[in-house]
Number of protein chains: 2
Amino acid sequence: MNQPKNKSQEKVGEIMELISLKTFKAVVDEAGIKGASDKLNTVQSNISSRIQRLEQELGVRLFQLKGRKLELTANGKLLYPYACQILQLEKQAKDAIRIHEGQYELVIGTPETFAAIHLPRALKGLRREHSHIQPRIYTATSGQLISAVKNNTVDCAFVGGHIINDDFVSIPAVVEKMVKITASDGHYDPVLFVRGEGCGYRQAALAWQREMGNTEQQLMEMSSVDGVLGCVAAGLGYTIMGWDMVRNNRYEDSLAVEALTDHHANLQISLIYKNDCLLETGIQALASFFAP
Amino acid sequence: MNQPKNKSQEKVGEIMELISLKTFKAVVDEAGIKGASDKLNTVQSNISSRIQRLEQELGVRLFQLKGRKLELTANGKLLYPYACQILQLEKQAKDAIRIHEGQYELVIGTPETFAAIHLPRALKGLRREHSHIQPRIYTATSGQLISAVKNNTVDCAFVGGHIINDDFVSIPAVVEKMVKITASDGHYDPVLFVRGEGCGYRQAALAWQREMGNTEQQLMEMSSVDGVLGCVAAGLGYTIMGWDMVRNNRYEDSLAVEALTDHHANLQISLIYKNDCLLETGIQALASFFAP
DNA sequence: TTCAATAGTTCTCAAAAAGAGAATCTTTTG
DNA sequence: CAAAAGATTCTCTTTTTGAGAACTATTGAA
């Protein structure tokens, strides 16, 4: 932010507003005004002026231009943890009231793949047995989902693998049988198809490939599961995924699967949430639909 | 608040604003819209509409009319502690930045009596040796000051007696010699003059009177120390106060003092503050001017 | 019972603030 | 050096806020 020209009367001491804090946090988290304006769906100029307002209210600069990026000042760094805490309390206050009212929204983070295969059944059950919970789905990659939980962007999320963090509670949801998928005619190129950065299957596939010593193989990245399976069905390569991805897939008949072995055989998918989350009972209700 | 007519689209979910929370807290603390509007210096209609806005944002009622007073609903009671915590964090965030900037405001609560006698010297020293601290004085009775500290209305306060509360830090400031004050000619009516509710001297005086077994004596309440001393000088009664109150007082020559004994002899006045206060070093600087 | 005082709400209008979009400036990148 | 990316500034419109007056309901006193 550039210093406000030279308005002699800097009105310091006015009350900070939450919209300013939310904007501030978004700018920090999304590393810039552009990202923040997308996240908060508004235009850049608004973000810019909200930050300027906040800077005026506090009487200090929070960012400084470094090239064409913004950089937190010392005061900005000081404010950030307070902003997070205040916004979290705001959310908790609302949650507390919603819970008391009986009706509340539960924001569920999930990778697209999980949303397509495993989630629908659980959501149906949730609606039937816990109609006071209004689920809202937020899709992102496993990697992004972990920060989304930390961030309180979502109340809980389904992610692959194990989370080693004391701030989270992790409930096992499903175990996916991991398989190597090839064209059903047995002819395929030695190319490993994977999904983009952040996908749980990608990590599993790369780990498997590494242990097999096939690191020199060509890697092919695609953003959708269907895209990957289509290419594999066409004999352009092979992939590693959960078996469930293949069943009922449009290419199912053209694909052959082979179960992985040992520690690659299964991918544990867990439902995680922060352990100070007020919506815990709702989350456990959701988890109950995955109980064995 | 009366239910908003029947605006079909209740816009629930908008961000809570701090001004709303501050207003909400003020209405609760001051037990009504009137008090809150005085405290936040604005008109009643604004308070009323801010509360209605907040109620809309949350989608619930926070108050209900009980006669011509407002009463917190269950949801209001739920919100209150969050509001307090959020507002306190806001204050702390600002403090953190101010401290980092070097300059900061220290709001000092004091009874009028203390402000007149003991405080000026310390403020002078503070200004000389810690010019980065900008002291602001808030006067109220000892009783009110304790809640003001709890409330974060003030950063610290001078109060009589001992505070038994783990949330406070208490630094001894001065010890006042308590004396019984009468007209210098020895003739006075058996009437005890005291200051209004909440005054530290009043409590001391009443405690002494009780132990002397003079509870049947007439009690006369006056709002100012000078008023009390004037009446006592005129022989209308006697009073119990700190000796310092008499020294250099306009009526000094017409008054006789007699030291109290035992546990009545001294009144400890301490500087208290919340132990999570960021301005601790400033407060200790203030206290240092009272060190023995 | 009536009347004044008190507390809260509603309504209206003017002033202030916030948002959208276009234009501008600056740095980075190809 | 041109194009792209990111941030800021400016303008205009819409929305929100606030002050004040009028209104309603309760309380308390004469």
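Bear in mind that the values here come from a model prediction, so they are computed numbers and not experimental data.
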Tell me: [atom1] of [X] to [atom2] of [N], nearest whole Å?
X	N	atom1	atom2	answer
A:Lys66	D:dG6	NZ	P	18 Å
A:Glu17	D:dT17	CD	C1'	12 Å
B:Gln44	C:dT10	CD	P	13 Å
A:Ile19	D:dT15	CD1	P	17 Å
A:Ile33	C:dT27	CD1	P	16 Å
A:Ile47	D:dT9	CD1	P	15 Å
A:Arg53	D:dT16	CZ	C1'	12 Å
A:Lys39	D:dG6	NZ	P	17 Å

Quick test of your reading of the model: are [X] and [Y] salt-bridged, counting only N-O distances below 4.0 Å?
X	Y	value
B:Lys94	B:Glu90	yes
B:Asp29	B:Lys22	no
A:Glu221	A:Arg202	yes

Checklist line | Close side-chain approach of A:Val60 and A:Glu55, heavy atoms under 4.5 Å | finding: no
Checklist line | Selection from D:dT9, C:dT9, D:dG6 that lies nearest to any side-chain heavy atom of A:Gln52 | finding: D:dT9
I'd like a table of atom pairs between the protein and nucleotides 20-25 of chain D - only N or O on both sides, under 3.5 Å - with the distance next to each one.
from	atom 1	to	atom 2	distance (Å)
D:dG20	O6	B:Ser45	OG	2.9

For a quick test of reading the model: is some side-chain N or O of [X] closer than 4.0 Å to OP1 or OP2 of [N]?
X	N	result
B:Arg50	C:dT9	no
B:Ser48	C:dG8	no
B:Ser49	C:dT10	no

Next item on the list: Evaluate the criterion side chain to side chain donor-acceptor pair (under 3.5 Å) for residue pair A:Thr42 and A:Asn46; output intermediate values, then yes/no.
Entry: CA-CA 7 Å; A:Thr42 179; A:Asn46 287 334; 2.7 Å; yes
Check: Residues in side chain to side chain contact (heavy atoms under 4.5 Å, CB included) with A:Leu236, at least two apart?
Finding: A:Phe193, A:Cys231, A:Ala234
Notebook entry, point to check: In chain order, what residues pass the ring pair (Phe, Tyr, Trp, His ring centres under 6.0 Å) check against B:Tyr104, with sequence neighbours excluded?
Noted result: B:His132
